[in-house]
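Reading through the structure tokens given below for one structure.
Hydrogens, waters and symmetry mates are skipped; everything else that's a heavy atom, side chains included, is used. In this text, all values refer to a predicted model and were calculated from it rather than measured experimentally. Within every chain, numbering begins at 1; the chains are lettered A, B, ... in the order of the sequence lines, protein sequences first and strands thereafter.
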There are 2 protein chains.
Amino acid sequence: MYFCGMLINELAKRTGITAHTIRFYEKSGLIQGKRDEKITSNNYFHYDEATVEKLELIKDAKSIGFTINEIGNLMDAWYSNKMTIAEKLSVLKDKMQAIDEKISQLIAMKQMIGEFMETVENENC
Amino acid sequence: MYFCGMLINELAKRTGITAHTIRFYEKSGLIQGKRDEKITSNNYFHYDEATVEKLELIKDAKSIGFTINEIGNLMDAWYSNKMTIAEKLSVLKDKMQAIDEKISQLIAMKQMIGEFMETVENENC
DNA sequence: TACAACCATAGAGTATAGTCTATACTTGTA
DNA sequence: TACAAGTATAGACTATACTCTATGGTTGTA
């Protein structure tokens with residue numbers, strides 16, 4: 001038995017993301033499995049530990065509202081060699097700013113809701 | 001000329017939301033225009049200042065990632081009389097918690113990106 | 001070697017949140 | 001009064017992000 005990384009189902013179990021969704025992410029360019037040229041009987045994709053990490057990053061980024069496209073850019077800055085250091089830093093700085101903006105908006109909304117809760121409480125009197 | 005509030009196009013101008021999208025929100029139950037029973041020649045909807053405020057709230061809530069459905073619940077707690085004070089407070093508290101969670105996740109992501117920026121910068125050496 | 005479990009690909013289907021088109025009636029203005 | 005501009009409704013269309021089904025081949029185990 002020859003093993004090079006893991007197949008899609010194990011990756012799914014490891015990350016809690018379904019094989020279907022993993023294939024969707026692969027088609028979207030977020031991750032890339034590798035085919036083993038020494039195996040000719042099938043064309044199964046093999047995934048490494050780095051892919052597990054990438055999928056965790058994708059989960060985190062999605063949960064805070066980044067789109068697949070935005071995550072793709074972030075991943076390029078993170079993992080690929082297609083960008084210069086300056087370009088990478090620029091992408092990362094942009095994301096930082098986007099996050100700061102979101103935090104500000106969330107805090108503003110918290111304030112609004114907090115004020116409204118007081119109003120609602122005083123309806124009692 | 002008889003005026004009761006504003007028609008959809010003025011509401012659109014006031015809020016920066018297109019008439020199409022406003023109708024979509026109306027169909028989704030987020031806002032409600034009123035028809036003037038004294039006018040029989042048409043069935044135009046009339047909107048008041050409160051609707052302007054609601055649409056601003058919708059914009060804010062959307063920008064921080066709330067869905068139409070979630071915004072609907074929030075608006076019920078905010079404006080409707082269908083809920084008791086305790087129910088309203090419960091909805092608002094839930095939203096507060098959801099926002100706190102999002103803020104935590106955003107801060108965690110900022111940290112990750114920050115650490116990664118340092119790594120990228122050190123690739124220079 | 002049967003056969004359940006696994007893999008790949010293509011493409012259909014779903015949910016959310018709009019966005020646009022067509023149709024038809026109403027209003028305001030030159 | 002013509003006619004451009006505004007309004008309502010229904011329904012088609014788009015984009016995003018999955019999710020599922022169908023089909024056909026491969027692997028592992030009893």
Under 4.0 Å between any heavy atoms, over every strand shown, what does B/Thr67 touch: base, sugar-phosphate, or nothing? Just pick one.
-> sugar-phosphate
Do you know the tightest heavy-atom contact between A/Lys88 and A/Asn81?
-> NZ-OD1, 4.4 Å
The side chain of B/Thr21 lies closest to which of these nucleotides: C/dG18, C/dC20, D/dG25?
-> C/dG18
Looking at side-chain heavy atoms only, is the closest gap between A/Arg35 and A/Tyr44 below 4.5 Å?
-> no
Using atom NE2 of B/His20 as one end and atom C1' of D/dA10 as the other, report the distance to the nearest whole Å.
-> 12 Å
Just how far, in rounded Å, is P of D/dA17 from CD1 of A/Ile58?
-> 12 Å
Quickly work out the A/Ile22 CD1 to C/dT9 C1' distance and round it to whole Å.
-> 16 Å
Nearest whole angstrom, please: distance from the C1' of C/dG18 to the CD1 of B/Ile71.
-> 13 Å
Choosing from C/dG18, C/dA8, D/dT7, which nucleotide comes nearest the side chain of B/Lys62?
-> C/dG18
Flag side-chain contact, heavy atom, 4.5 Å: A/Leu57 against A/Trp78 | yes
Whole Å only: how far is the NZ atom of A/Lys27 from the C1' atom of C/dT9?
-> 9 Å
Looking only at side-chain atoms of A/Phe24, point me to the closest of C/dC20, D/dT19, D/dA8.
-> D/dT19
Atom CD of B/Glu10 and atom P of D/dG6 are separated, to the nearest Å, by 12 Å
Check step by step if side-chain contact (heavy atoms from CB on, under 4.5 Å) holds for B/Gln32 and B/Lys54.
-> CA-CA 10 Å; B/Gln32 295 87 38; B/Lys54 283 185 190 183; 4.2 Å; yes
List the atom of A/Leu30, the atom of A/Ile68, and the distance in Å for their closest heavy-atom pair.
-> CD2-O, 3.7 Å
Taking the nucleotide of DNA chain C with the closest heavy atom to each, which residue, B/Thr40 or A/Phe45, is nearer the 5' end?
-> A/Phe45
Shortest side-chain distance from B/Arg35, nucleotide among C/dA17, D/dT9, D/dG25 = D/dT9
Could you check how far CD of A/Glu26 sits from P of C/dA10, rounded to whole Å?
-> 13 Å
Does the side chain of B/Arg23 get closer than 4.0 angstrom to OP1 or OP2 of D/dT9 through an N or O atom?
-> no
Considering only side-chain heavy atoms of A/Tyr44, which listed nucleotide, D/dC18, C/dA8, D/dG6, is closest?
-> C/dA8
Which residue lies toward the 5' end of DNA chain C, B/Phe66 or B/Asn43, if each is placed at its nearest nucleotide?
-> B/Phe66
Would you kindly compare A/Tyr25 and A/Ser41 by the position of their nearest DNA chain D nucleotide and give the one closer to the 5′ end?
-> A/Tyr25
Which of the following nucleotides, C/dA17, C/dC7, C/dT27, is nearest to the side chain of B/Ile68?
-> C/dA17
Whole-Å distance between D/dT26 C1' and A/His46 NE2?
-> 12 Å
Would you say A/Asn9 reaches C/dC7's phosphate, i.e. side-chain N/O to OP1/OP2 under 4.0 Å?
-> yes
Quick one: do A/Glu56 and A/Lys59 make a salt bridge, cutoff under 4.0 Å?
-> yes
Nearest to the side chain of A/Asn42 - C/dC7, D/dT26, C/dT27?
-> D/dT26
